[in-house]
Amino acid sequence: MDARTVTDATLDVERTAQLVHDAASRLELTAAGFRLLRVGNHIVMASLDGKVVARVRYLSRQPLEHHIAHHSRLKQLTRAGAPFVAPLCDPCRLSDGRIVTFWPMQSPASELSLEALVELAWRCHRIEASGALPVWDPEECFLTRWTTRVPLMEARGVPGRVRAFLEVTLHRRLGALSECWADSGGAAQSRVLIHGDVYSPNVVRRGDGTLAFVDLDSVGIGPPEVDLSTVRVQYQRHNQDPHVVERILAAYQGAVNERLLAEIYATDEINELVWLACLWGVVPGADQELTRRVDHWDDPTLRWQEF
């Protein structure tokens with residue numbers, strides 16, 4: 001455990017808000033202070049004047065240049081018609097070394113239906129994907145996330161039995177997904193521009209009334225089932241919709257590999273628990289909800305609480 005892991009695990013909101021304010025002022029984005037908006041894969045803060053959102057990474061194994069190049073591609077895709085909210089500027093470093101990105105504040109898209117979410121994913125999939133984007137691979141996607149999150153889970157005190165359950169279950173489900181991916185042709189699969197994290201909290205309503213995606217770290221090239229799977233997790237595990245698969249198939253305007261969708265969904269289920277484990281001791285109620293999900297893992301009727 002290194003010093004950066006400990007620092008990020010403690011989540012010093014006041015210190016982070018001051019560092020974000022300093023960076024935003026330096027870039028002339030806003031002179032206002034910042035408040036904590038939410039904690040997830042990033043520390044997300046909003047300026048007090050309601051104009052800017054800042055997303056601070058806990059840890060990053062990629063150099064700053066990698067993130068700058070990714071943001072450049074996002075701007076190009078937005079200009080090409082992708083339903084994305086473009087960043088305000090290139091990523092930069094806070095004075096403590098953490099990477100921060102700045103985005104324009106948008107209105108949340110409340111009461112978003114499954115059909116609207118699938119339609120927005122379809123709009124994304126129709127945009128011509130660039131070969132410069134990262135290509136989705138199941139092992140790279142899920143194992144990299146697991147590896148980068150383990151130090152944070154350890155630093156925040158996630159119990160060993162919970163971490164062991166997450167690791168064993170993730171590897172078992174990833175094995176089945178990788179086999180399905182290979183059987184279906186893998187690299188030869190239909191690959192489109194994917195958002196990579198299609199949950200309704202990652203959708204906003206712009207000033208002109210149109211919907212757009214935020215949280216663009218996972219944008220890349222992959223099968224459409226990647227995006228449809230996260231829709232399924234939200235409406236099946238959280239909303240307990242018994243007809244979620246039928247509704248997704250009816251709403252999506254392209255072909256869907258149902259076996260691949262099922263295997264990605266099964267892996268996404270455990271991946272969401274890994275994400276929740278990173279909120280241990282930081283977000284009120286996250287500890288109890290994670291323990292509840294683990295203890296009742298085989299009960300599909302258990303409604304997952306939102307965080």
Side-chain angles (χ1 to χ4, degrees), residues 1-13 16 36 38-44 55-63 66-67 70 91 96-101 134 136-175 177-178 195-199 201-202 215-220 222 226 229-230 233-234 237 264-294 297 304-307:
M1 186 187 308
D2 59 22
R4 169 51 43 77
T5 301
V6 175
T7 299
D8 291 335
T10 57
L11 187 59
D12 188 332
V13 174
T16 300
L36 182 66
R38 63 181 180 275
V39 178
N41 292 330
H42 297 72
I43 302 166
V44 184
R55 302 176 75 244
V56 181
R57 289 179 172 272
Y58 294 112
L59 298 166
S60 178
R61 299 190 178 189
Q62 300 285 357
H66 167 85
H67 300 289
H70 183 66
D96 67 354
R98 287 179 293 175
I99 292 176
V100 60
T101 55
W136 183 85
D137 174 82
E139 293 197 7
E140 174 68 21
C141 173
F142 291 106
L143 285 184
T144 298
R145 290 181 184 178
W146 168 258
T147 301
T148 56
R149 289 169 174 174
V150 166
L152 197 57
M153 288 188 285
E154 293 175 342
R156 289 186 170 164
V158 178
R161 77 168 186 92
V162 174
R163 285 188 279 114
F165 170 83
L166 297 176
E167 182 172 17
V168 170
T169 308
L170 175 64
H171 281 79
R172 184 175 69 248
R173 293 199 163 183
L174 181 56
L177 169 57
S178 296
H195 175 269
D197 198 12
V198 181
Y199 285 100
N202 289 336
D215 195 352
L216 306 177
D217 291 332
S218 300
V219 167
V226 171
S229 172
T230 47
V233 170
Q234 175 179 335
R237 278 291 200 173
I264 297 176
Y265 166 76
T267 314
D268 271 334
E269 283 186 308
I270 191 66
N271 189 58
E272 180 164 325
L273 267 66
V274 175
W275 168 82
L276 185 59
C278 292
L279 306 186
W280 188 280
V282 173
V283 176
D287 307 17
Q288 293 84 350
E289 176 65 11
L290 177 61
T291 302
R292 189 175 73 103
R293 293 187 193 183
V294 169
W297 177 247
W304 286 1
Q305 303 301 314
E306 296 284 356
F307 277 86

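Owing to the predicted nature of the structure, the values given are computational and were not obtained by experimental measurement.
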Audit row: V150, E167, side-chain contact (heavy atoms from CB on, under 4.5 Å) steps and yes/no
CA-CA 10 Å; V150 166; E167 182 172 17; over 6 Å; no

Going through the checks in order, is the side-chain hydrogen bond (donor to acceptor under 3.5 Å, both in side chains) test met by D217 and H67?
CA-CA 9 Å; D217 291 332; H67 300 289; over 6 Å; no

Give the C-alpha distance, both sets of side-chain angles, the deciding distance and a yes or no for side-chain contact (heavy atoms from CB on, under 4.5 Å) between Y199 and V233.
CA-CA 9 Å; Y199 285 100; V233 170; 3.6 Å; yes

Let me see the working for V274 and F142 under side-chain contact (heavy atoms from CB on, under 4.5 Å), right down to the final yes or no.
CA-CA 10 Å; V274 175; F142 291 106; over 6 Å; no

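Rounding to the nearest 0.5 angstrom, the gap separating the CG atom in D137 from the CG atom in L143 is 9.0 Å. How far CD1 of I99 is from CZ of R57: 6.5 Å, rounded to the nearest 0.5 Å. Taking OG from S178 and CD from E139, the interatomic distance works out to 4.0 Å, rounded to the nearest 0.5 Å. We find the CG-CG distance between L276 and L290 to be 5.0 Å, quoted to the nearest 0.5 Å. Between Q62 atom CD and H70 atom NE2 the span is 11.0 Å, to the nearest 0.5 Å. Rounding to the nearest 0.5 angstrom, the gap separating the CH2 atom in W275 from the CZ atom in R145 is 12.5 Å.
Here the closest non-hydrogen pair linking V56 and V100 is CG2-CG2, 3.9 Å. In terms of heavy-atom proximity, V39 sits nearest to L279 at O-CD2, 3.6 Å. Across all non-hydrogen atoms, the minimal contact from C278 to L152 is CB-CD2, 4.0 Å. Contact record, L36 with I43: CD1-CG2, 3.8 Å, taken as the closest heavy-atom pair. Closest approach of P134 to V219, counting heavy atoms only: CG-O, 3.6 Å.
V283 is not listed as a side-chain neighbour of R38, based on a closest heavy-atom distance of 4.5 Å or more. L170 is not listed as a side-chain neighbour of E269, based on a closest heavy-atom distance of 4.5 Å or more. Within the 4.5 Å cutoff, the side chain of S218 has no heavy atoms near those of the W136 side chain. Two residues are said to be in side-chain contact when any heavy atoms from C-beta on lie closer than 4.5 Å; R156 and V282 meet this criterion.
For W304, the ring pair (Phe, Tyr, Trp, His ring centres under 6.0 Å) partners at least two apart in sequence or on another chain are H238. Considering only residues two or more places apart in sequence or on other chains, F165 meets the ring pair (Phe, Tyr, Trp, His ring centres under 6.0 Å) condition with W297. With sequence neighbours excluded, the residues that form a salt bridge (charged side-chain N to carboxylate O under 4.0 Å, His left out) with R293 are E272, E289.
In the model, T16 has a side-chain atom that pairs as donor or acceptor with a side-chain atom of R98 under 3.5 Å. Using a 3.5 Å distance cut-off with no hydrogens or angles, the side chains of S229 and D268 do pair a donor with an acceptor. There is no side-chain donor-acceptor pair under 3.5 Å between H195 and D215.
R292 CZ: more than 12 foreign heavy atoms inside a 6.0 Å radius.
Between the side chain of R163 and the main chain of V158, a donor-acceptor pair closer than 3.5 Å is present. N202 contributes a side-chain N or O that, together with a main-chain N or O of D197, makes up a donor-acceptor pair within less than 3.5 Å. Side chain of R173 to main chain of A266: a donor-acceptor pair is present (N/O by atom type, distance under 3.5 Å, no hydrogens or angles).
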